*Asks:* 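Could you have a look at this structure, given as structure tokens, before my questions?
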Amino acid sequence: MGCAGSSQSKGDESTKKIRKPKPWKHSQPLTRTQLRQMREEFWDTAPHYGGQKEIWDALRAAAEADLTLAQAIVDSAGVIVTSADLTTCYDERGAKYELPKYVLSEPTNLIRDS
């Protein structure tokens, strides 16, 4: 089960084109406020699990930017993107960075705050 035409050679600084995650649903409907809180919590705690703070900062900036800017941010930070939706990335030292979908896009069952 491989993706057609994806070259997995580590040598070419995997310049994957970034895209938003596929539509997804949270386990229970979320309001925009809850989503914002989950994101804040993730970004506050993520650096404590390893990796470099600069890379986490770059990933956060990329997650919150539009795709063109996100691409420029990860490229200049030297982030190696292994999944195009940014859910799995590495830095040059080989540290792994995993981003949950909820920091990258909104769930399909987002409740509009009244």
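These figures come from a predicted structure and were not determined experimentally.
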*Asks:* How long is the straight-line distance from CZ of F42 back to OH of Y49, given to the nearest 0.5 Å?
*Replies:* 9.5 Å

*Asks:* If hydrophobic clusters are built from ILVMFWY residues whose side chains come within less than 4.5 Å, do I73 and V79 share one?
*Replies:* no

*Asks:* Please report the shortest heavy-atom distance between Q34 and P29, naming the atom on each side.
*Replies:* OE1-O, 4.0 Å

*Asks:* Please determine whether residues L69 and I18 belong to a single hydrophobic cluster, defined as Ile, Leu, Val, Met, Phe, Trp and Tyr linked transitively by side-chain heavy-atom distances below 4.5 Å.
*Replies:* no

*Asks:* How would you list, by chain and number, every residue that makes a side-chain contact (heavy atoms from CB on, under 4.5 Å) with A72, sequence neighbours excluded?
*Replies:* none

*Asks:* Do W43 side-chain atoms and D57 backbone N/O form a donor-acceptor pair below 3.5 Å?
*Replies:* no

*Asks:* Check A62 against A70 and note the closest heavy-atom contact, atom names and distance.
*Replies:* O-CB, 3.4 Å

*Asks:* Which value, rounded to the nearest 0.5 Å, describes the distance between Y90 atom OH and I55 atom CD1?
*Replies:* 14.0 Å

*Asks:* For a quick test of your reading: what N or O donor-acceptor pairs under 3.5 Å do the side chains of residues 97-109 make, sequence neighbours left out?
*Replies:*
from, atom 1, to, atom 2, distance (Å)
Y97, OH, Q52, N, 2.7
Y97, OH, D91, OD2, 2.6
S105, OG, W24, NE1, 2.8
E106, OE2, R32, NH1, 2.4
T108, OG1, W24, O, 3.2
N109, OD1, H26, N, 3.0
N109, ND2, H26, O, 2.9

*Asks:* Within this structure, what is the CD1-OG1 distance for the pair I111 and T33, rounded to the nearest 0.5 Å?
*Replies:* 10.0 Å

*Asks:* Can you tell me how far CD1 of I80 sits from OG1 of T88, rounded to the nearest 0.5 angstrom?
*Replies:* 13.0 Å

*Asks:* When rounded to the nearest 0.5 angstrom, what is the spacing between CG in D66 and NZ in K20?
*Replies:* 8.5 Å

*Asks:* Just grab all the salt bridge (charged side-chain N to carboxylate O under 4.0 Å, His left out) pairs involving residues 33-46, residues at least two apart or on different chains.
*Replies:* E40-R60

*Asks:* Closest approach of W56 and G50, non-hydrogen atoms and distance?
*Replies:* NE1-O, 2.8 Å

*Asks:* Would L59 and C89 count as a side chain to side chain contact (heavy atoms under 4.5 Å, CB included) here? Give the steps.
*Replies:* CA-CA 9 Å; L59 288 172; C89 305; 4.0 Å; yes

